[in-house]
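Below: one structure, written as structure tokens.
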Amino acid sequence: MKINEIIRKMSFLQLVPLKSDEGAPLANKTKVKIILNLVAYERAMESFNEDMRGIYAKLKPEGYDAQAFPRVTELEKKENISSEEKQELESIKQSEEYLSYVDMKKTLMREFEEARECASADNDYTVSERALTDDDLVSIAEVIPTDKEFAIGRNEDGEIKVNGITVLAEIGRMFIM
């Protein structure tokens with residue numbers, strides 16, 4: 001299964017509450033299937049993240065970490081920066097070494113993002129997924145309020161929200177086999 005599909009399925013299953021707003025619990029059988037699926041997706045995510053750490057380490061130029069500028073980070077995070085520290089920060093940022101490091105970092109991040117996109121599209125991860133039944137969907141419908149909005153992500157315009165009916169429809173589409 002591709003990582004983007006895993007993330008999508010995880011995001012919808014994480015919206016399912018263990019009980020309704022009125023206190024009615026999610027059927028135990030359904031709860032177990034959801035939890036087992038979430039655990040399986042988390043394992044796949046851990047594997048993907050491990051792959052990404054390996055890719056990053058291989059892309060990172062030799063001596064990259066030694067060239068990092070911890071003083072810049074320290075000064076940029078500081079809330080009350082003195083005028084001397086401002087001058088020091090500007091001086092560092094104008095140095096040839098720092099500008100070279102910034103270029104190296106931009107290249108690394110661009111290459112890493114390209115590699116991440118390729119890995120997301122190309123790599124398959126094994127997931128022991130539990131199928132949900134019609135009865136499971138009914139149980140989920142009993143705990144998800146249809147008039148409530150659920151945040152399912154963000155885009156440049158802000159948070160993406162859908163109502164409970166959309167959540168149920170997506171879960172049904174993705175999991176009912």
Side-chain angles (χ1 to χ4, degrees), residues 1-19 21 31 34-129 144 148-164 166-167 170-171 174:
M1 185 180 300
K2 305 292 184 212
I3 202 68
N4 290 338
E5 183 180 358
I6 291 168
I7 291 168
R8 181 169 171 73
K9 287 183 172 190
M10 269 181 79
S11 68
F12 276 95
L13 283 187
Q14 289 171 335
L15 296 175
V16 179
L18 299 180
K19 61 182 179 180
D21 291 344
K31 183 185 342 178
I34 289 172
I35 290 170
L36 290 173
N37 280 341
L38 287 171
V39 168
Y41 299 146
E42 288 167 6
R43 282 191 191 124
M45 287 297 302
E46 288 170 12
S47 180
F48 176 77
N49 290 335
E50 187 176 315
D51 290 349
M52 293 302 96
R53 285 188 293 275
I55 288 170
Y56 183 82
K58 285 179 176 41
L59 288 172
K60 195 166 43 171
E62 190 174 321
Y64 176 80
D65 291 330
Q67 291 184 26
F69 285 80
R71 181 69 175 149
V72 170
T73 304
E74 176 189 333
L75 291 173
E76 287 178 337
K77 287 183 179 179
K78 195 170 182 182
E79 288 185 28
N80 297 322
I81 187 167
S82 70
S83 61
E84 293 86 20
E85 289 170 325
K86 282 182 185 178
Q87 287 177 338
E88 178 187 359
L89 181 60
E90 287 308 312
S91 175
I92 293 171
K93 286 185 167 185
Q94 291 174 7
S95 71
E96 195 171 307
E97 295 87 9
Y98 183 77
L99 294 173
S100 173
Y101 172 76
V102 168
D103 285 341
M104 188 184 327
K105 184 175 182 177
K106 284 180 184 175
T107 300
L108 172 62
M109 297 315 292
R110 185 180 62 252
E111 290 173 350
F112 177 72
E113 190 54 39
E114 288 173 15
R116 188 177 198 288
E117 287 175 20
C118 287
S120 295
D122 297 342
N123 294 1
D124 281 314
Y125 293 87
T126 303
V127 176
S128 299
E129 193 172 42
I144 290 188
K148 181 178 175 182
E149 285 195 329
F150 294 86
I152 60 166
R154 300 188 65 76
N155 64 18
E156 60 276 352
D157 297 328
E159 208 167 50
I160 301 168
K161 293 186 176 188
V162 296
N163 64 25
T166 302
V167 171
E170 283 299 306
I171 289 173
M174 287 188 284

Working to the nearest 0.5 angstrom, can you tell me the gap between [X] [atom1] and [Y] [atom2]?
| X | Y | atom1 | atom2 | result |
| --- | --- | --- | --- | --- |
| S47 | R43 | OG | CZ | 11.5 Å |
| K86 | K78 | NZ | NZ | 11.5 Å |
| I6 | E129 | CD1 | CD | 8.5 Å |
| S11 | E170 | OG | CD | 9.0 Å |
| Y41 | L36 | OH | CG | 11.0 Å |
| S120 | I7 | OG | CD1 | 6.5 Å |

Could you list the residues that satisfy side chain to side chain contact (heavy atoms under 4.5 Å, CB included) with [X], not counting sequence neighbours?
| X | result |
| --- | --- |
| E97 | F69, S95 |
| Q87 | none |
| S82 | E84, E85 |
| D157 | N155 |

Taking all atoms of both residues into account, what is the closest heavy-atom pair of [X] and [Y], and its distance?
| X | Y | result |
| --- | --- | --- |
| A40 | S128 | CB-O, 3.8 Å |
| A119 | M52 | CB-CE, 3.4 Å |
| F150 | G164 | CE1-CA, 3.7 Å |
| L38 | Q14 | CD2-CG, 3.7 Å |

Listed by chain and number, what are the salt bridge (Lys or Arg N to Asp or Glu O under 4.0 Å) partners of [X], not counting sequence neighbours?
| X | answer |
| --- | --- |
| E90 | none |
| E74 | R71 |
| D124 | K2 |
| E76 | K93 |

Does the side chain of [Y] come within less than 4.5 Å of [X]'s, by heavy atoms?
| X | Y | result |
| --- | --- | --- |
| N123 | I3 | no |
| V16 | K31 | no |
| E5 | M174 | no |

Filter on ring pair (Phe, Tyr, Trp, His ring centres under 6.0 Å), then keep only pairs touching residues 70-95, sequence neighbours left out; what's left?
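Applying ring pair (Phe, Tyr, Trp, His ring centres under 6.0 Å) to every pair that reaches into residues 70-95, excluding sequence neighbours, yields nothing.
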Side chain to side chain contact (heavy atoms under 4.5 Å, CB included) evaluation trace for K9 with N37:
CA-CA 9 Å; K9 287 183 172 190; N37 280 341; over 6 Å; no
When you look at L15 and I144, which way does the side chain to side chain contact (heavy atoms under 4.5 Å, CB included) test go after all the steps?
CA-CA 9 Å; L15 296 175; I144 290 188; 5.6 Å; no
Inter- and intrachain pairs under side-chain hydrogen bond (donor to acceptor under 3.5 Å, both in side chains), touching residues 50-63, at least two apart:
D51-Y125, K60-D65
Can you list everything that forms a side chain to side chain donor-acceptor pair (under 3.5 Å) with T166? Sequence neighbours excluded, please.
N163
For residues 103-116, which side-chain N or O atoms pair as donor and acceptor with protein atoms under 3.5 Å away, sequence neighbours left out?
residue: T107; atom: OG1; partner: D103; partner atom: O; Å: 3.0

